[in-house]
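Handing you a structure now.
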Number of protein chains: 2
Amino acid sequence: MELYFERGYDQTTVAEIAQRAGVTSRTFFRYFVDKREVLFAGTDAVRERLVATLDTVPPDTTPLGTVRAALDAVVALIGDDHDHSRRRQQIITTHAELRERELAKLAAWSRALADGLRQRGVDEPAASLAAEVGVAVFRVAFEQWTTGPGDRSLVEVMHDSFGRIPTA
Amino acid sequence: MELYFERGYDQTTVAEIAQRAGVTSRTFFRYFVDKREVLFAGTDAVRERLVATLDTVPPDTTPLGTVRAALDAVVALIGDDHDHSRRRQQIITTHAELRERELAKLAAWSRALADGLRQRGVDEPAASLAAEVGVAVFRVAFEQWTTGPGDRSLVEVMHDSFGRIPTA
DNA sequence: GTAGCGATGGCACAATGTGACATCGGCGTG
DNA sequence: CACGCCGATGTCACATTGTGCCATCGCTAC
């Protein structure tokens, strides 16, 4: 992250990152599958947390309500450091490779949530639709939150967006 | 595409593709920014078509209705060759790099649709939400259609999914 | 004819990522 | 304590991707 801020993402090589960390490039690639993956170290943990939270949701909750509850729990973890999120997001959005990776991570959330819903007895395509729509709402809320001034909490913005899910 | 089927995606090098096409690798990279991009040659045109279709939708249509109309028009173009879509999708879903690129392309659709909606006077976050939800529905429907037996048309599956958009 | 120009080739190069093997430093077991 | 195992790291060679730069070729307009 230091280096990405100092010299920009493209101008930073894996060799430099490794050197800064006191290891060799080879070791870097043993810890991160990618050069991109450095910025997404935490997202897999978030995904697991997301799935774990599903168990705490009452069984009679609607599919989208369940997804929303899981996202709310996770958002409480992410949403306390507006500045960090904003700067990280700035790096990501200005590089296509990183945007792609972020989409992939969110898609993994969506898949995991859909799996979880199916295990709760929700059938297709309801499970996938609830998961996809829920994550879509998160995406919009998160983008609005990181680009905004940070006067409103992420939880608030999320709540707002969930209330504005469009209907045909 | 031939080569990707013959030897698999990873086992195919750009040099081989170029040779099959009777050009050099250098020329390949002048036509495609990426090795991945070969499989997504058409999606940018679809995006433009998507945006162009927005103009044909009556102004008093709801945001999501507008998005749906645009997607319907585009789906009519894609949805006639189930076998081609199925095989292409099989290659894509089995390779992380390609899945990422596909997500990026769909995200570009979403962005373009949101832009179009804003130009029609829809404000944020309604525009982004409608675009994201619409594309999410498309994603689910398309996945269901390509993995299914193909007895139902894509338009049908889409219609179905749009009718099942979850509410909290 | 010739000057210009777009498309292609050729070349050198940086950087990413991987496989194979060597090395080092503990750590438990005899 | 000596030994051998084992996980983490280093080293090296390598294929592949992707880019910058310049040369070349063929066509077209003047």
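Hydrogens, waters and symmetry mates are skipped; everything else that's a heavy atom, side chains included, is used. Protein chains get the first letters and strands the later ones, always in sequence-line order, with residue 1 at the start of each.
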Sugar-phosphate only, base, or nothing, as touched by Y31(B) at under 4.0 Å among non-hydrogen atoms: sugar-phosphate
Toward the 5' end of DNA chain C, by each residue's nearest nucleotide, V14(A) or F28(B): F28(B)
Closest to the T24(B) side chain, choosing from dG18(D), dG9(C), dG17(C):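 Of all the options, the side chain of T24(B) is nearest to dG9(C).
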Aromatic ring pairing F138(A)/W109(A), orientation class (parallel under 30°, perpendicular over 60°, tilted between): tilted
For atom CD of E37(B) and atom C1' of dG18(D), their distance in whole Å: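 Those two atoms, CD and C1', are 14 Å apart.
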V14(B) to F28(B) - nearest heavy-atom pair and separation: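 Result for this residue pair: CG1-CD2, 3.4 Å.
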Spacing between F32(B) atom CZ and dA7(C) atom P, to the nearest angstrom: 15 Å
Q11(A)/E6(A) under side-chain hydrogen bond (donor to acceptor under 3.5 Å, both in side chains): CA gap, chis, key distance, verdict: CA-CA 9 Å; Q11(A) 305 311 316; E6(A) 284 175 28; over 6 Å; no
Listed nucleotide nearest any side-chain atom of T27(B), set dT16(D), dT8(C), dC11(C):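 The answer is dT8(C).
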Euclidean distance, atom CG of residue D34(B) to atom P of dT16(D) [Å, nearest integer]: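 Value for this atom pair: 17 Å.
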Atom-pair distance (CD on E97(B); P on dG17(C)), nearest Å: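 It works out to 9 Å between those atoms.
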Euclidean distance, atom CD1 of residue I17(B) to atom C1' of dT16(D) [Å, nearest integer]: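 So the CD1-C1' distance, I17(B) to dT16(D), works out to 12 Å.
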Atom-to-atom span, NE2 of H95(B) to P of dT17(D) - whole angstrom: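 It works out to 13 Å between those atoms.
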Euclidean distance, atom CZ of residue F29(A) to atom P of dA20(C) [Å, nearest integer]: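 After rounding, the gap between these two atoms is 18 Å.
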Residue mapping more 5' on DNA chain C - nearest nucleotide basis, R26(B) or T12(A): R26(B)
Nearest-angstrom distance from the residue atom CG of D10(B) to P of dT16(C):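 In whole Å, dT16(C) P and D10(B) CG are 20 Å from each other.
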Distance-only side-chain donor-acceptor flag, E37(B) / Y31(B), under 3.5 Å: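 No, because no side-chain N or O of E37(B) sits under 3.5 Å from a partner of the opposite role on Y31(B).
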Note, R152(B) side chain near W145(B) side chain (heavy atom, < 4.5 Å): no
Which nucleotide in dG10(C), dT16(C), dT17(D) has an atom nearest any side-chain atom of T13(A):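 The listed nucleotide nearest to T13(A)'s side chain is dT16(C).
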R30(A) (side chain) and dG17(C) (base): donor-acceptor pair under 3.5 Å: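 Counting by modelled atom types and ignoring angles, no donor-acceptor contact under 3.5 Å is found here.
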